[in-house]
Structure formats: structure tokens, C-alpha cells
Amino acid sequence: MTRYTFRKHEHLCGRLRIQEVFSTGKAVNEAPFRLVGKVMELPTVARAQVAFSVPRRYLRHAVDRNRMKRLMREVYRLHKAGYLERIAAADRQCAWLIIYQGRGTMDLAETQLKITRCLDRWMEKHGF
RNA sequence: CCUGUGCAUCGCUCCAUCGUCCCAGGUCUAUGGCCUGGGGAGGAAAGUCCGGGCAGCAUAGGGCACCAUGCUUCCUAACGGGAAGGAGCGCGUUCGGGAACGGACGUGCUACGGAAAGUGCCACAGAAAGGGAGACCGCCACAGGACCGCAAGGUCCGAGGCCUGAACUUGGCAAGGCCCGCCUUCGCCAAGGCUUCGGCGUGGCAAGGAUGAAAAGGUGAGGUAAGAGCUCACCAGUGCCCCGUGUGAGCGGGGCAGCUUGGUAAACCCCACGGGCUGAAAGACCAUGUAUACCGGGGUUCCGUCGCAAGGCGGAUAAGGACGGCCCGUCCGAUCCCGGAGGGUAGGUCGAUAGAGGCGGCGUGCGAGCGACGUCCCAGAUAGAUGAUGGAGGUCCUUCGCAAGAGGGACACAGGACCCGGCUUAUAGAUGCACAGGCUUU
RNA sequence: UGCGGGGUGGAGCAGAUGGUAGCUCGUCGGGCUCAUAACCCGAAGGCCGCAGGUUCGAGUCCUGCCCCCGCUA
């Protein structure tokens, strides 16, 4: 049985790396979400690293920002297996940045729908 | 019992599964995986409004500037915070009184040093808005005269007075004239108030009216031409002195004085007290690594000085720089080469979680607090850990139902980022205590 | 995290040292025109971000909040 985990080495860290993804990655917009991704070498055993961002501009309270990031993390944790397999098959590594740009908070089901559709479109675009 | 106010405490609970950060231990195929155990957001974690710890830089000293505070005593590491008290201003109850008002009690608010050190401002209205000012109406007096009226009295003119507009007088200037030191001018300037013309009735008063937020103590009597703290009595207020009382702010009582001196300092300002500057993006270390600040030596240049010169000595003087606001004052001194020693960015580790710590009862103080004792270890992330799903319970709302109950929905404000003490702001609901009001019962 | 600037009619902005809140554009009504624009005449529209305080009087001064913009790794 596979375990649905999301540990530290799967987080995308570092100022320079995030800046690189931001400036040179390809983006996919889906409703309130925006996925910026790039196929690149990463210093980790994981097949992909992800960062989640919720700007203060859209959600003023830290409680709401934390909640949205937790929901996004939860969705990624439960659905990442399929995508990672396809990347492993191609023997590549990816860096993703998921940004929330909605005004209010969402529930888990809606977040799941949007993020999975977002990832599907990105994978399709990059030929996995 | 209900409602309100204030203070204090709490602020959903439990179970299962999956997931996550830290610590300890173990294990494997070791940038990681797995197992076991333990810990994992708040009363405001927030706003960043104050105060400290801590860190670095600066620091011979003095002055100015700047910032902040402002009744007293105390608490505190400190504070612009807190406690107790004083004074002032309200509100309520009650007592006295015809009322105005005063006393007592309770309760709330207060940036509450100085306006008699100086400066500024006080629009509009109003006569006048601050050298104790000013005269619109008003009140009173005034040589002499005219008019009205039987009279009481009333109305009008205005001598003396004031203004100095014109003439005038005196002086100066300018231009012109001649007999050359005097004269003249529709000329100009300054002064004068003797003369003429012209203009204003003149003087006293601050009681009353009217304006305004505010009009220069209030009431009564004397006094006066009319009046006025002009004088007196009482009251209010100011300053000084004495006595009692309190640690003190003050409070109570008595005496003297000038007899009255607006408001504004959240206007400048004065006084007292305090403040060195910068903040964890502070700062320390590691690996990589070498700009140039620094230190030592040498050369060249500049300035001063000694010397006939070669050259020597010094960086006091000059330009400039540092003492991160300015001044005095103190200190440094341009550039090139060689050697030594070593910075910043990005990454990592520390800083960084045992503390002005929590809890418990005891002692002490009116209280904020303080003291000793016992006991506990309680988040340390760094693109930033607490979430998801299911179930049970609790509270509230709502629909159905006669009821028992059933269905549905909601559970506030809000998430650490170096740490503490406060303040301020947000907050559904629950509990306790105190006070006030209403209803019911005895 | 530390700091700076701002909030005034529908929009963009003035408002020195407290004393009746203004300007331009826009809106509405009328005129001109065959009609529209331009032009001319007139009008409405503000508790000056919110709440307290100082003052006789606050857009302005003081205090506490709310919101917006910018700088800072």
C-alpha cells in the first residue's frame, strides 16, 4: 500500500530556485489557481518539489492564508502519486509553484477539482 | 427571577484513521525510508503605541538643537503602565432651605506644572477684544444768548477748548534779480499755534442699554453735578505670613496687603525630570574566497621649517575627513608599490527558547505588589509545522410535532517568527462576584 | 520586519498662522440648432475615513482606531 506523504524534501525551497521557476517556468491558469512549473535538475531524491503561495493581497488574515495553504497541501498529498509516476517514467524532475488568487476561502472538494485539473493541463502541455 | 453596568475566569470536548514540524532512541538499501516514545499557537499570538532585556557601533568634555513626559505618594528591571490618595468637573440618592444653593454618601470622568517671565491669537458682531481699553445710545456740568411754556421745565446756538485744511509767522532748500547782501516767487520742505478764514459744541462718567463664547469682581449702603472699590460692610477671588494636621498633593483655622491683575500653552514658549545611535534583516561562526578598508616598510607629491646648497626634520599650518543633527573642542591626514591580515552577497550553524517563567498554598501590604518554600519544564518553524475524513457529546438557531422527540444548520475574534512587561483594538457564548433598576413571594 | 506618504461632492485636486468648505471635468434643467457636439444661462450634489478630546469655535490642533499607496530581503 502506498502512503500519502508530503515531507520536507518535497517542498520547493530557496530564494534563487523559486525565482528561476517564476521567471522561466510555464504557467497554467485555472479559476483562482495559477500553476507555474519547470522541468529542471533538483538536489533531492524526490521526483518533484512544490511550493504553495497565497498572497496577502487577496486574503488579509493570516488564518485564511494558512487554511488555503493547508487545503492545497492536502490535495497535493492525496493526488501526487499518478503524476510522479509519469515523471519517473520519463526520468526527469519538476519544480512547481501553485499560487492562489481568489478573494475568499474554498472548501476541500472544490480545491481538489481545480488543482487536479490544473496539474493535468500542465502535464499534457509538457508531454508526460 | 429578569435586565443593565463593572471586575475576574474560561473561551467547544472526546475517540478512530490518514498526514505534518521538533526532540530522544532504534533500524535499513542512508541528500532518504521505516519503527517506538514525548512535545506542538493566543487571550489577544494582532496593531506596532510605549518600556526593558539582548546585540553591535559610538563614547575626553561642554553647550545648543531635537524628542518625550507633567497633581501627590507608592509599585516596578523600566514605562507614556498600574495601585492608593488629593483637587476640579458632572450624575444619582438623601438632609437642610420658600428658592438660589449648601452639606453628607455613592458613583463616573479628567494630558491635572506655569497665563503675576515674554511673544502671538481671540473671526463675525460690537463704541470697545486687552498698556486696565473705549464712548454709539445714555447720565451730568458748562460764559452768554435765542425760542417755546402761566409755571415746572424743554429745544437750539456755542465763549473758552480741540484740529491744523487754507492763509499767516519762523527757519531751510531751489530758481531768478540786482545796488552783492539783500530782495522776489499762485515754488518745495519742516516747525509754530500770536492773528484771520475753515472744521468739531466742549468737558466729566463708566452705573444702565445694545453685541458677543468672553466686556475688567458681586450685593447693599455712603458719597457725587452725574458716577465709579471712590469709601465702608459682607461674600468671591489673588498674593504673603502664622497655627494645627497629613510622608505628600493638600485640608482646617486665623491675620495682613494691594483693593480685582480675561481666555488660549492638545499656539510659540518657560520650568522640572528623562533620553548616545541603530535594531535579530542586530550580531557571531563555518566552508568557498579575494575587492579593498586596516597594519608595517619603501618611493613620489603637497605644506611648514632649518640650510648657501645637497639635503634633513615635522605633518602643528592649507584643502579635506572623523567624532552620523549642529557648534566649541579633540583627533586623522595625498598617492603608488611590496608584505601581513582579512570584507560583502547567496548557503549552513548559532543567536533561539529555563524565563523580571508557570502552578500551589503560606506570610506580608488598604492595594498595585513583595518575600521565602514546594513543584513543573511547557512550540521553536525558517517558502515557514496544528490539517483532512468519519463518529459521539455539549451550546445556540430553525422546521415539523399536543408532547416525548426527529430533521437541518451554526459554534466567535483570530495563527507564533528574538524574548519579556504594559497599552490599544477585535471577540459568539459560558461561569462567578459586586452594584443598580424592575417583577413576584414571604 | 522596519519606515514614509495619503483619505475632502460622481472623478481628479485646492484649502498658509483654527473663524461661512472651494476649483476643473462630469450630472441635471433651460437656451442656441432641422438635429448632435461645441457654446451660453442656471441648479443639485459634502456631516471633510471613523470615534473621542482641547477650544467660544476643528477639514485644520491632540489621542486612539480603520483603509489605501509606496520603499525596505
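Note on naming: letters A, B, ... go to the chains in the order of the sequence lines (proteins, then strands), and numbering restarts at 1 for each one. Note: hydrogens, waters and symmetry copies are ignored here, and every other heavy atom, side chains too, is used.
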Atom [atom1] of [X] to atom [atom2] of [N]: distance rounded to whole Å?
| X | N | atom1 | atom2 | answer |
| --- | --- | --- | --- | --- |
| A/K80 | B/rG19 | NZ | P | 11 Å |
| A/K69 | B/rC21 | NZ | C1' | 14 Å |
| A/E10 | B/rU31 | CD | C1' | 13 Å |
| A/H79 | B/rG19 | NE2 | P | 15 Å |
| A/F6 | B/rC21 | CZ | P | 9 Å |
| A/D64 | B/rC413 | CG | C1' | 12 Å |
| A/R7 | B/rG33 | CZ | C1' | 8 Å |
| A/N66 | B/rA385 | CG | C1' | 10 Å |

Since syn is defined as within 90° of 0, does [N] count as syn or as anti?
| N | value |
| --- | --- |
| B/rC122 | anti |
| B/rA16 | anti |
| B/rG126 | anti |
| B/rG229 | syn |
| B/rA41 | syn |

Is there a side-chain contact (heavy atoms from CB on, under 4.5 Å) between A/I87 and A/M123? Walk through the geometry before answering.
CA-CA 9 Å; A/I87 293 170; A/M123 298 295 280; 4.0 Å; yes
Counting side-chain heavy atoms from CB outward, which of B/rA383, B/rG33, B/rG384 is closest to A/H11?
B/rG384
Among B/rA41, B/rU20, B/rG32, the one nearest A/H9 by side-chain distance
B/rG32
What dot-bracket string describes RNA chain C from 5' to 3', counting Watson-Crick and G-U wobble pairs whose defining distances are under 3.5 Å, with [ ] for crossing pairs and | for pairs to another strand?
.(((((((.[[[[.)...(..]]]].(((((.......))))).....[[[[[..)....]]]]]))))))..
Output the distance between atom [atom1] ([X]) and atom [atom2] ([Y]), rounded to the nearest 0.5 Å.
| X | Y | atom1 | atom2 | result |
| --- | --- | --- | --- | --- |
| A/L84 | A/Q93 | CG | CD | 11.0 Å |
| A/L35 | A/K125 | CG | NZ | 9.5 Å |
| A/Q101 | A/R34 | CD | CZ | 6.5 Å |

Identify the pairs formed between an N or O of the protein and an N or O of nucleotides 386-390 of chain B at a distance under 3.5 Å, and give each distance.
from    : atom 1 : to    : atom 2 : distance (Å)
B/rU386 : OP2    : A/R70 : NE     : 3.3
B/rU386 : OP2    : A/R70 : NH2    : 3.4
B/rG387 : O3'    : A/R67 : NH1    : 3.3
B/rA388 : OP1    : A/R67 : NH1    : 2.5
B/rA388 : OP1    : A/R67 : NH2    : 2.8

Under 6.0 Å between ring centres: does that hold for A/F6 and A/H11?
yes
Could you tell me the Watson-Crick or G-U partner of [N], where both distances fall under 3.5 Å? Say none if there is no partner.
| N | value |
| --- | --- |
| B/rC142 | B/rG201 |
| B/rU184 | B/rA175 |
| B/rU292 | none |
| B/rU395 | B/rA410 |
| B/rC268 | B/rG118 |
| B/rA99 | none |
| B/rA24 | B/rU36 |
| B/rA58 | none |

When the [atom1] atoms of [M] and [N] are compared, how many Å lie between them, rounded to an integer?
| N | M | atom1 | answer |
| --- | --- | --- | --- |
| B/rG47 | B/rA341 | P | 50 Å |
| B/rG390 | B/rA46 | P | 33 Å |
| C/rG9 | C/rC28 | C1' | 15 Å |
| C/rC23 | C/rA51 | C1' | 31 Å |
| B/rG367 | B/rU76 | C1' | 14 Å |
| B/rU107 | B/rU260 | P | 45 Å |
| B/rA68 | B/rU278 | P | 14 Å |
| B/rC419 | B/rC271 | C1' | 39 Å |

Would you tell me if any nitrogen or oxygen in the side chain of A/R47 comes within less than 4.0 Å of OP1 or OP2 on B/rG32?
no
Is it true that a side-chain atom of A/R77 and a backbone atom of A/Y4 form a donor plus acceptor pair closer than 3.5 Å?
yes
Is it the case that over 12 heavy atoms from other parts of the model lie below 6.0 angstrom from the CZ atom of A/R73?
yes
Partner of A/V75 by side-chain contact (heavy atoms from CB on, under 4.5 Å), out of A/I98, A/L113, A/L108
A/L108
Could you list all N or O pairs between the protein and nucleotides 65-69 of chain C that sit under 3.5 Å apart?
from   : atom 1 : to    : atom 2 : distance (Å)
C/rC67 : OP1    : A/R60 : NH2    : 2.5

Each nucleotide N or O in nucleotides 42-48 of chain B that has a protein N or O under 3.5 Å away: list the pair and distance.
none

Minimum heavy-atom separation for A/L12 and A/A95, please, with both atom names.
CD1-CB, 4.1 Å
Evaluate side-chain contact (heavy atoms from CB on, under 4.5 Å) for A/Y83 paired with A/T116, printing each intermediate quantity in order.
CA-CA 10 Å; A/Y83 305 106; A/T116 51; 4.1 Å; yes
What is the nucleic acid contact for A/F52, judged by heavy atoms within less than 4.0 Å: base, sugar-phosphate only, or nothing?
nothing
I'd like to know if A/R47 pairs up with A/D91 as an ion pair, taking the criterion as any Lys NZ or Arg NE/NH1/NH2 lying under 4.0 Å from an Asp or Glu carboxylate oxygen.
yes
With sequence neighbours left out, write down each residue that passes side chain to side chain donor-acceptor pair (under 3.5 Å) with A/K80, or none if nothing qualifies.
A/E10
Within the structure provided, determine whether A/F33 and A/V28 are in side-chain contact (heavy-atom separation under 4.5 Å).
no
Any non-hydrogen side-chain atom of A/I115 less than 4.5 Å from a side-chain atom of A/L119?
yes
List the residues meeting ring pair (Phe, Tyr, Trp, His ring centres under 6.0 Å) with A/W122, not counting sequence neighbours, and say none if there are none.
A/W96, A/H126
